[in-house]
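As the structure is a prediction and not an experimental result, all values here were calculated from the model. When reading the values below, keep in mind they use all heavy atoms of this one structure, side chains included, and skip hydrogens, waters and symmetry mates. Numbered from 1 within each chain, the chains take letters A, B, ... in sequence-line order.
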There are 2 protein chains.
Amino acid sequence: MGLSESMKVLADPVRRQIIEKLKSGPKTAGEIADSFELTNATVSYHLKLLKKAGFIAEMKDKNFIYYSLNSTVFEDILTWIYQVGGKKHDE
Amino acid sequence: MGLSESMKVLADPVRRQIIEKLKSGPKTAGEIADSFELTNATVSYHLKLLKKAGFIAEMKDKNFIYYSLNSTVFEDILTWIYQVGGKKHDE
DNA sequence: AATCTATTTAGAAATATTTCTAAATAGATT
DNA sequence: AATCTATTTAGAAATATTTCTAAATAGATT
């Protein structure tokens, strides 16, 4: 919810890679886990943090859980960076 | 240097507050430390991380060390967020 | 209803981070 | 040169994070 939580979540490379993977559309927890050399349990832990921070949403279907990207949450971070003096993206 | 380091550095509220404080111009390590209920040693530790990640620069004068903001480093983070689907700041 | 499949939860171990106190540094003043 | 002042560094303690293995859940298939 807060900026610390959002940024902490994005600070981990595994979690950023999960987000990048979801850019191409929803994926099951298993599909996501397959792209890492980590156990499903560990990936599940990262998915939980991403979900808690609002970066992804989950949707159950059969015994699969699909995760998808929720890009609106990035707004707060952008706002903070602008406020602090980051340049405009296209200048 | 990398995105993980930058974001990890920004994930801490003390370090974000230091950055915000420096928006109004350079400050000495002591001035910065005074605004927190932390020892100077602890604030010095945070300043070291901020400097290492390139968010701030230091400048020695007499026995003071002045820290100032270097906003250019925020670019990489903005770029990553845009790439991942954050909305434009002014839309 | 038994079992299979996908995924999460619990708990432990390893590692990293934050904070402190005490000592060190280094330049300025007496 | 002795001392003061601002700040950092070293090392320890407390806390948080990441990962794993093993067990639990819960819906689907047989």
Need the pair for [N]. Rule: Watson-Crick or G-U wobble, both distances under 3.5 Å, any strand; none if unpaired.
{"N": "D:dA28", "value": "C:dT3"}
{"N": "C:dA23", "value": "D:dT8"}
{"N": "C:dA16", "value": "D:dT15"}

- Check: B:Phe55 and B:Leu49 side chains under 4.5 Å, non-hydrogen atoms: no

Proximal nucleotide (of [options]) relative to the [X] side chain:
{"X": "B:Leu49", "options": "C:dT18, C:dT7, D:dC20", "answer": "C:dT18"}
{"X": "B:Ala41", "options": "D:dA10, C:dA28, C:dT9", "answer": "D:dA10"}
{"X": "B:Leu47", "options": "C:dA28, C:dT7, D:dT8", "answer": "D:dT8"}

- Item | Pair of N/O donor and acceptor under 3.5 Å linking D:dT5 base with B:Asn63 side chain | yes

For [N], does either OP1 or OP2 sit under 4.0 Å from a side-chain N or O belonging to [X]?
{"X": "A:Lys8", "N": "D:dT17", "value": "yes"}
{"X": "B:Thr39", "N": "C:dT19", "value": "no"}
{"X": "A:Ser44", "N": "C:dT8", "value": "yes"}

- Query: Quick one: do A:Lys52 and A:Glu5 make a salt bridge, cutoff under 4.0 Å?
  - Reply: yes

- Item | Test item: A:Arg16 side-chain N/O and A:Leu10 main-chain N/O as donor-acceptor pair under 3.5 Å | yes

Whole-Å distance between [N] [atom2] and [X] [atom1]?
{"X": "B:His46", "N": "C:dT19", "atom1": "NE2", "atom2": "C1'", "result": "8 Å"}
{"X": "A:Phe36", "N": "C:dT7", "atom1": "CZ", "atom2": "C1'", "result": "16 Å"}
{"X": "A:Asn40", "N": "D:dT21", "atom1": "CG", "atom2": "P", "result": "11 Å"}
{"X": "B:Tyr45", "N": "D:dA13", "atom1": "OH", "atom2": "P", "result": "18 Å"}
{"X": "A:Ile65", "N": "D:dA24", "atom1": "CD1", "atom2": "C1'", "result": "14 Å"}
{"X": "B:Arg15", "N": "C:dT17", "atom1": "CZ", "atom2": "P", "result": "9 Å"}
{"X": "B:Tyr67", "N": "D:dT7", "atom1": "OH", "atom2": "P", "result": "9 Å"}
{"X": "B:Asp61", "N": "D:dA6", "atom1": "CG", "atom2": "P", "result": "13 Å"}

- Nearest-nucleotide check on DNA chain D, B:Glu31 vs A:Val14; residue mapping nearer the 5' end is B:Glu31

- Taking all atoms of both residues into account, what is the closest heavy-atom pair of A:Ala53 and A:Val9, and its distance? CB-CG2, 3.8 Å

- Nearest heavy-atom pair of B:Gly25 and B:Lys27: which atoms, and what distance? O-NZ, 3.0 Å

